[in-house]
Amino acid sequence: QGLHVPPPPPRLPISAKSISTNVPKRLKIKRLTKEERTKALERAQKANVSVGIRTQAQTSQIKSTQKLLESEDGQAMAVEIERILRERSSTTAIGPRASKDILVLSDSIFIFDFDKTITQGLGTDQKVRGGERTLKAMKSLKDCGGTIAVVTARSKVSAGLLTQIQRNEKLYSLFFTPPASPEEETKITNASETAPTNEDNPHVIPTETLSLDGISVQCSKNRRAFACGFHKHVVVAHLAAGGLHVPAKNAPEKKKSAPPAQFRHVYFFDDNPNNAFEVACLSPVLCDEISKASPIAKEARVLSIHSFWCSTFLEEIAGKIGSDPKDPDYPYQDMYTTALAKFGIDPQEMKRRDESIRKKFNQVLQARREARNQSRSTPEKCKDLVS
């Protein structure tokens, strides 16, 4: 535009003292191409050597896997648990001198979401998803030495969650050990005067509030039920790496301050794809940080985290589970595109599933309207006949 630009200032002469001769040389890091990475993996498979390649997205050496589970009858999670039991039992060395009661899952923790994962939906009167097969599979995990916990996105565990667990005796026995005698039950009740009581089940479950990485988490005192909102990856990491002390059964008073137990294998089940995706991607890094600060980090370390998305799509199409597309937890949203892609759901498949669920949802609404209108018109017809 013809504007005047002032001339640059004169350069000062560089003295020899200001020049540093001890400049560190840059290290040249060779980045492998896709072909080189494929060949390296092939060579490792032939030599039966496990090779871990670090990526920019995952800096932890913990093995992390993600898998989609879905079926029309809702038993996909139970089938996967049965597969895990068979796989872990076959990999455990059992010789003639081994005990028959060997606990093959004593180094593993199984963490479940509650609504639409263990149950068929929200509310306190929902049935167990998958029925008796799911309860039997979860009981087998506990019988084989596995630790079972529930982590929900609710804000409080006392707001319906514990009540629903109490009403189902089989769920209650999975997460909480009932008192052996009426005297012990009376002691627990007296110690928890502020805890809410249930007329259907008089057992009282005391709760407490924790602070994990600046997040307020409410949980049961036996550390088996947690309410943390959408920060499940934080609770999973602390449970897995020993950041949370899980009290043992009938532990003496002197051993209450013992270091927490770490788990080598973690299994997480959730009906929301983003929660399962965050646990698979973020929990390994947090586990490494917690393990470094743990006093028993050298003795035990998390080796693998397996995250499962328990999709409800086929059950919704079959009419066994209802889903509202306006629900903020609805899985087929644009903000979940990255998470869905990790489970093999591309944008086209996401669009197809979204259209199918919306169509089914509108059909259910139309059927309910017709039933409501029919119930309203029936008394009027009766009045006409009487007159």
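The shown structure was predicted, so the numbers you read here are calculated from the model rather than taken from an experiment. Both backbone and side-chain heavy atoms feed into the values below; hydrogens, waters and symmetry mates do not.
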Under 3.5 Å: donor-acceptor pair, side chain of [X], backbone of [Y]:
X    : Y    : answer
R129 : K116 : yes
S89  : R86  : no
S283 : A280 : no
N222 : F175 : yes
K351 : D346 : no
R264 : L303 : no
S216 : S211 : no
S106 : G145 : no

Subject >> Distance in Å, C228 SG paired with Q218 CD, rounded so as to fall on 0.5 Å steps >> reply: 11.5 Å

Subject >> Value rounded to 0.5 Å, distance of CD in Q333 from CG in D327 >> reply: 8.0 Å

Charged N-O contact under 4.0 Å between [X] and [Y]:
X    : Y    : value
R353 : E316 : no
R133 : E82  : yes
E349 : R352 : yes
E355 : K359 : no
R223 : E208 : yes
R88  : D107 : yes

Mind listing the closest non-hydrogen atom pair of [X] and [Y] along with its distance?
X    : Y    : result
F230 : A153 : CE2-CB, 4.2 Å
F308 : A276 : O-CB, 4.0 Å
I62  : P284 : CD1-O, 3.6 Å
A240 : V266 : CB-CG2, 3.3 Å
I81  : A137 : CG2-O, 3.7 Å
T152 : K232 : C-CE, 3.8 Å

**OP:** May I ask you to test the F263-V302 pair for a side-chain heavy-atom distance under 4.5 Å?
**Re:** no

Original post:
Would you call V79 and R83 a side-chain contact if the rule is heavy atoms closer than 4.5 Å?
Top reply: no

**OP:** Give a yes or no on this: more than 12 heavy atoms of other residues, nucleotides or ligands lie within 6.0 Å of atom CD of Q348.
**Re:** no

Original post:
So, D271 and T312: side-chain donor and acceptor under 3.5 Å apart, yes or no?
Top reply: no

Original post:
With S304, which residues qualify under side-chain contact (heavy atoms from CB on, under 4.5 Å), at least two apart?
Top reply: K63, H265, H306

Subject >> side-chain contact (heavy atoms from CB on, under 4.5 Å) partners for S71, two or more places apart >> reply: D73, A76

Original post:
Is L68 isolated, or which residues cluster with it under the ILVMFWY side-chain rule of less than 4.5 Å, directly or via members?
Top reply: F277, W309, F313, L314, I317, Y330, Y332, M335, Y336, L340, F343, I345, M350, I357

Subject >> I109, T147, L85 screened by side chain to side chain contact (heavy atoms under 4.5 Å, CB included) with L141, the one that passes >> reply: L85

Subject >> Test applied, side chain to side chain contact (heavy atoms under 4.5 Å, CB included); reference residue, F114; option that passes from V151, V150, D270 >> reply: V150

